[in-house]
A.B. asks: 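One structure coming up, written as structure tokens, with questions to follow.
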Amino acid sequence: MERIKTIKTEEDALKLLNIALEHEWAVSFEYLIHAYSMPKAKFFYRDPIMKIRADARRQTIQIGIDEMYHALQLGIIITQMGGTPSFKTDEVIRYPRIIDNLERDKMTEDLVTSLYQSAEFEEGAFPKIRNMVLNISYDEVRHSQQFVAMMESMREEKADDELMFQSGPEAAGKEEVRLLHEIMTMENEIMHRYLKYTILFSGHQDLSQRLFKNSIDHMKHWDKNAGALIKMGDVIRIENSEKDDAGVEKSTKAMPDSYPGEDRLTALVTLVPAEQAIIDKYDRLIGMIPDGEIKDQLMIQQGLDREHVFTGGWLLQNARMIKGL
Ligand SMILES: [Fe+2]
Ligand SMILES: [Fe+2]
Ligand SMILES: [Fe+2]
């Protein structure tokens, strides 16, 4: 991660915000990958802030969602300043042992806290940005403390050597697993595409919030599908990753670094075909899955995507009809 210390000009401010944004995209994604590779409700810890016994996996997901809100805040302010938000991401890593991932997450939090807290703003320069950056930094401080508590509790329970879920070679060869991975990629892409449009149209609040709602729907699908993969004997994949001899996976291109659409019409026109492609992929997958919980869930998700097709079609038609938008 690049560093920028002194903020004097608008260019400095935009640079800091975009460095931070690239980081927030990557960590929101990385934390979710880490969480989705851990068993549910198995590792509990005493949360130092909430003062409750909490599930480490669940809280890691919550932290990932916090990071996504940070990304949104940054993207919106960059757009308002006339800049272009970056969708590039930093490196994403997964270690075989759960605790090593938590250690990385904690380190990441400390690194970004220092990026935010060491930025020196000239007196009176960009007060709102300065305030935003400080406010975000204290979320990172909290996250760091939470990751520390998770690790302490794992050490106390002698769970240091507990492993993340691994991809079973037999499961990974199955057609339905392959399809589900493809759907995961598509869900992740469209979730971020909607986030881009949420940012792009942030000056048009009702449209922006509507697109944000669809993004959240896809985030939930991604979450459910990650659980389905575990039930099928596999685990969420990190795209374009390389695994070293120690089993550490690294990718510098785990997500797309750009999404189509630069203005209202060129953005909205992309949604229906993208949703339809996901619906078609679900059709193929659902046809291969036996009746039961997973199939029911997939059908609910596909149904919601059909809702998005309906809504998305009208968003485009209405935008074309009204002059002066
Ligand atoms: Fe963050
Ligand atoms: Fe954080
Ligand atoms: Fe959808």
Side-chain angles (χ1 to χ4, degrees), residues 1 16-32 34-35 49 59-75 77 89-90 101-102 104-117 119 132-148 150 183-195 197-198 210-225 268 270-283 298-315:
M1 189 167 59
L16 170 73
L17 295 172
N18 257 324
I19 292 171
L21 178 59
E22 290 176 7
H23 167 82
E24 297 287 354
W25 288 133
V27 292
S28 65
F29 188 66
E30 188 171 60
Y31 293 170
L32 290 178
H34 292 170
I49 314 288
Q59 186 55 30
T60 302
I61 294 173
Q62 284 305 315
I63 295 175
I65 293 171
D66 287 347
E67 310 300 3
M68 194 149 288
Y69 279 109
H70 293 165
L72 262 188
Q73 293 175 24
L74 292 160
I77 207 149
T89 57
D90 291 336
N101 293 285
L102 297 175
R104 169 167 168 86
D105 299 342
K106 191 255 170 204
M107 241 179 47
T108 304
E109 293 293 347
D110 295 346
L111 192 76
V112 72
T113 301
S114 116
L115 169 81
Y116 287 132
Q117 295 191 351
M132 176 183 76
V133 160
L134 270 182
N135 290 344
I136 292 180
S137 82
Y138 284 96
D139 288 338
E140 318 299 14
V141 166
R142 165 170 63 83
H143 296 162
S144 179
Q145 292 174 6
Q146 290 175 312
F147 284 127
V148 166
M150 290 178 205
I183 289 176
M184 292 286 279
T185 304
M186 295 165 96
E187 292 279 13
N188 181 45
E189 195 275 344
I190 203 166
M191 165 176 101
H192 284 87
R193 194 189 301 203
Y194 276 115
L195 285 176
Y197 301 165
T198 302
R210 183 178 278 285
L211 295 165
F212 185 51
K213 181 253 178 201
N214 287 11
S215 178
I216 302 276
D217 286 345
H218 284 286
M219 192 193 288
K220 288 181 190 155
H221 297 174
W222 204 65
D223 181 284
K224 292 285 182 194
N225 289 346
L268 293 179
T270 73
L271 291 174
V272 167
E275 293 279 7
Q276 192 57 52
I278 299 177
I279 292 169
D280 295 346
K281 192 74 81 174
Y282 272 119
D283 259 338
L298 294 173
M299 286 168 73
I300 291 171
Q301 293 170 193
Q302 192 190 33
L304 203 50
D305 283 343
R306 293 197 184 107
E307 182 196 294
H308 295 169
V309 165
F310 179 88
T311 312
W314 283 106
L315 291 182

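When a residue number appears, it is its place in the shown sequence, counting from 1. Order of listing sets the numbers, starting from 1, for every ligand and every atom in it.
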A.B. asks: If we count only N and O atoms by modelled type, under 3.5 Å, do the side chains of Glu275 and His218 hold a donor and an acceptor together?
C.D. replies: yes
A.B. asks: What protein N/O/S atoms sit under 2.8 Å from the Fe ion (ligand 3), by chain and number?
C.D. replies: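 Metal shell, protein only: His218 NE2, Glu275 OE1, Glu275 OE2, Asp305 OD1, His308 ND1.
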A.B. asks: Could you check whether Arg193 and Thr270, counting side-chain N and O atoms only, form a donor-acceptor pair closer than 3.5 Å?
C.D. replies: yes
A.B. asks: Under a 4.5 Å cut-off applied to non-hydrogen side-chain atoms, are Asp305 and Tyr282 in contact?
C.D. replies: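 Contact flag for Asp305/Tyr282 side chains = yes.
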A.B. asks: Any side-chain donor-acceptor pair under 3.5 Å between His143 and Glu140?
C.D. replies: yes
A.B. asks: Is it true that Asp223 and Lys220 make a salt bridge, defined as a side-chain N closer than 4.0 Å to a carboxylate O?
C.D. replies: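 Between Lys220 and Asp223 there is no salt bridge, as every charged N stays at least 4.0 Å from the carboxylate O atoms.
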A.B. asks: Could you please tell me which protein N, O or S atoms lie under 2.8 Å from the Fe ion (ligand 1)?
C.D. replies: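 Near the Fe ion (ligand 1), the protein supplies Glu24 OE1, Glu24 OE2, Glu67 OE1, His70 ND1, Glu140 OE2.
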A.B. asks: Which distance, rounded to the nearest 0.5 Å, do you find between the CG of Leu134 and the CE of Met132?
C.D. replies: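 Reported to 0.5 Å precision, the distance equals 10.5 Å.
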A.B. asks: With a 3.5 Å cut-off and no angle check, do the side chains of His221 and Gln301 form a donor-acceptor pair?
C.D. replies: no
A.B. asks: Given Tyr31 and Thr108, is the side-chain hydrogen bond (donor to acceptor under 3.5 Å, both in side chains) satisfied, shown in steps?
C.D. replies: CA-CA 10 Å; Tyr31 293 170; Thr108 304; 4.7 Å; no
A.B. asks: What's the separation between atom CG in Asp139 and atom OG1 in Thr113, rounded to the nearest 0.5 Å?
C.D. replies: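 With rounding to 0.5 Å, CG (Asp139) is 9.5 Å from OG1 (Thr113).
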